[in-house]
Amino acid sequence: MTEFGFGNEPPAGGKICVVGAGFMGCVIATLYAHHGYEVTICDSNPEMLDSYAQRARPIAAGMIENAAEVEALLDKVVRQPVLAEAVEGAFMVHEAVQEALDVKQALFEELDRLCPESVVLATNTSSFPISDISKRLVHKERVIGIHYVTPGHIVPVIELIHGPATPPELIAWARAMVKSIDHVGVACLERPGFLVNKIQFAMLTEIYRLMDEGLATREDIDDAVRLSLGPRLALWGPLLTEDLIVSKKTALAVTDSIYQQTGDENFKGRKVLRDLVEQDHLGAINGQGWYRFRDTPEEVVETRDRQLRALLDWLQKADPVGEMHVR
């Protein structure tokens, strides 16, 4: 598929079918309806469809303050237990059924038969490769992962998972699709963990090890992340953060030192980092690292510190941990 029958961007107000009325299906259907799409939600379990409004009401209330408008939004979502009728006229079908490969494969085989070739088939899978889900399909090229990060109606990032059969045009179309609902698409090749979980569990696995070894308490670990790593990552992401806080020479020296002390291959300095050092792309300190900087190093530091101080001040005043009432 090099050109879609409905154009290179999603049709404004067009029909989307969401298959699966569980938690994520409710979020996805309500979000699409909130942004003006005609939405049908399909589930073979009538009880799931009957309880949709009750379960989706808090989600809608988080988007709309007016109670009457919340109910109007929920009423816009059509409930349909018959898949063939639910997908009729849809430009995209978004699957959000249980995370079981055989269930997803069977559903996508049926969707491949029911839907015209121009209909995009999206999956909210959080673990399975796109090539496995679409393995038995005739039109594999129209399948893409559009994976929401919980809570999907609040977290703006959506992973766009693509496989060997996914054309670049579909990735670009998916970016436009998620942009139309005020989200940000981040594309990545199908790999175990995709992008968000791959990064998230790399950190958590190391934290689990720290806890196993008794090197720090849960409170000290959480404070170390939320008051040092967390704010910087929230503001700039990991690669721009590195550019802003440390020379690539130092970053490489630290990774090499940890590797030499532990023998852990995960800490071995990667070629991509060594290449930057060899090219003298050291970060904001000399104007180019992962990113190219327009401002002088002094101006960058001033902006960096102002942004970070403002976020840390807010965290101190808001006391989000205290508000959770944990012990």
Side-chain angles (χ1 to χ4, degrees), residues 1-11 13-22 24-29 31-33 37-50 52 77-148 158-174 176-178 189-190 194:
M1 184 191 305
T2 57
E3 185 176 346
F4 306 114
F6 46 81
N8 293 324
E9 292 186 354
K15 178 180 175 179
I16 299 173
C17 174
V18 177
V19 183
M24 285 308 301
C26 281
V27 170
I28 294 169
L31 189 59
Y32 287 152
Y37 290 103
E38 177 188 343
V39 179
T40 294
I41 190 167
C42 179
D43 201 295
S44 59
N45 184 344
E47 293 180 0
M48 296 299 288
L49 295 179
D50 291 342
Y52 159 75
V77 178
V78 177
R79 289 76 144 173
Q80 173 56 258
V82 180
L83 184 63
E85 295 182 24
V87 302
E88 188 174 349
F91 71 85
M92 181 177 77
V93 179
H94 200 153
E95 169 271 315
V97 301
Q98 63 177 299
E99 193 71 357
L101 182 58
D102 58 339
V103 174
K104 292 182 186 291
Q105 286 177 329
L107 172 61
F108 273 80
E109 282 187 89
E110 189 170 4
L111 291 173
D112 202 35
R113 291 193 299 270
L114 290 172
C115 300
E117 184 180 349
S118 62
V119 176
V120 170
L121 303 182
T123 173
N124 192 57
T125 182
S126 58
S127 61
F128 298 122
I130 304 306
S131 54
D132 285 354
I133 292 174
S134 61
K135 188 174 183 179
R136 299 192 292 265
L137 270 58
V138 175
H139 301 294
K140 297 180 176 65
E141 71 283 352
R142 49 137 158 211
V143 179
I144 190 166
I146 300 182
H147 176 230
Y148 284 73
I158 296 178
E159 291 181 309
L160 308 178
I161 317 301
H162 51 96
T166 313
E169 294 87 351
L170 180 53
I171 300 170
W173 183 92
M177 177 67 226
V178 301
L189 285 165
E190 55 178 20
F194 303 148

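None of these values were measured; they are calculated from a predicted model.
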*Find out whether Arg142 and Cys115 are in side-chain contact, i.e. whether some heavy atom of one side chain is under 4.5 Å from a heavy atom of the other.*
yes
_Determine whether Leu114 and Leu83 satisfy the following criterion, side-chain contact (heavy atoms from CB on, under 4.5 Å), listing intermediate values before the conclusion._
CA-CA 9 Å; Leu114 290 172; Leu83 184 63; 3.9 Å; yes
*Partners meeting side-chain contact (heavy atoms from CB on, under 4.5 Å) with Pro164 (sequence neighbours left out)*: Ser131, Glu190
*Out of curiosity, Leu31 CG to Cys26 SG, how far, rounded to the nearest 0.5 Å?*
12.5 Å
*Within a strict 4.5 Å, meaning less than it, do heavy atoms of the Tyr32 and His94 side chains meet?*
yes
*State which residues pass side-chain contact (heavy atoms from CB on, under 4.5 Å) with Val138; sequence neighbours excluded, sorted by chain then number.*
Asp112
_From Met48 atom CE to Arg79 atom CZ, the distance as rounded to the nearest 0.5 Å_ = 12.5 Å
*Could you tell me which residues satisfy salt bridge (charged side-chain N to carboxylate O under 4.0 Å, His left out) with Glu99, sequence neighbours excluded, listed by chain and number?*
Lys104
*Chi angles and distances behind the side-chain contact (heavy atoms from CB on, under 4.5 Å) call for Ile146, Asn124*: CA-CA 5 Å; Ile146 300 182; Asn124 192 57; over 6 Å; no
*Atom pair CZ (Arg113) and CG (Leu111), whose distance is rounded to the nearest 0.5 Å*: 9.0 Å
_For Thr166 and Val143: C-alpha separation, side-chain torsions, deciding distance, then whether side-chain contact (heavy atoms from CB on, under 4.5 Å) applies._
CA-CA 7 Å; Thr166 313; Val143 179; over 6 Å; no
*asked:* Could you work out, with side-chain contact (heavy atoms from CB on, under 4.5 Å) as the rule, every residue matching Gln98, not counting sequence neighbours?
replied: Ala100, Val103
*No-hydrogen, no-angle side-chain donor-acceptor test under 3.5 Å, Glu95 and Thr123*: yes
*Asp43 versus Ile41: any side-chain heavy-atom pair under 4.5 Å?*
no
*Given side-chain contact (heavy atoms from CB on, under 4.5 Å), test Val120 with Trp173 step by step and report yes or no.*
CA-CA 10 Å; Val120 170; Trp173 183 92; 4.0 Å; yes
*Kindly write out the residues that satisfy salt bridge (charged side-chain N to carboxylate O under 4.0 Å, His left out) with Glu109, not counting sequence neighbours, or none if the list is empty.*
Arg136
*asked:* So Thr40 and Lys15, do their side chains get closer than 4.5 Å, heavy atoms only?
replied: yes
_Are Ile161 and Glu159 packed together at the side-chain level, in the sense that at least one heavy-atom pair is separated by less than 4.5 angstrom?_
yes
*Work out which heavy atom in Cys42 is nearest to a heavy atom in Cys17; give both atom names and the distance.*
CB-SG, 4.4 Å
*Is there side-chain contact between Leu49 and Pro46, with heavy atoms separated by less than 4.5 Å?*
no
*Is there side-chain contact between Val78 and Glu38, with at least one heavy-atom pair below 4.5 Å?*
no
*Which heavy-atom pair separates Ala174 from Ile144 by the least distance, and what is that distance?*
CB-CD1, 3.8 Å
*Quick one: does Phe194's side chain get under 4.5 Å of Leu189's, heavy atoms only?*
no
*Among all residues two or more places apart in sequence or in another chain, which pass the ring pair (Phe, Tyr, Trp, His ring centres under 6.0 Å) test with Phe108?*
none
*Mind listing the closest non-hydrogen atom pair of Gly14 and Phe91 along with its distance?*
C-CE2, 3.5 Å
*To the nearest 0.5 angstrom, please state how far the NE2 atom of His147 sits from the CD1 atom of Ile28.*
8.5 Å
*Could you state the interatomic distance from OH (Tyr37) to CD1 (Ile16), rounded to the nearest 0.5 Å?*
5.5 Å
*Nearest 0.5 Å please: distance from the CD1 atom of Ile158 over to the OH atom of Tyr148.*
4.0 Å
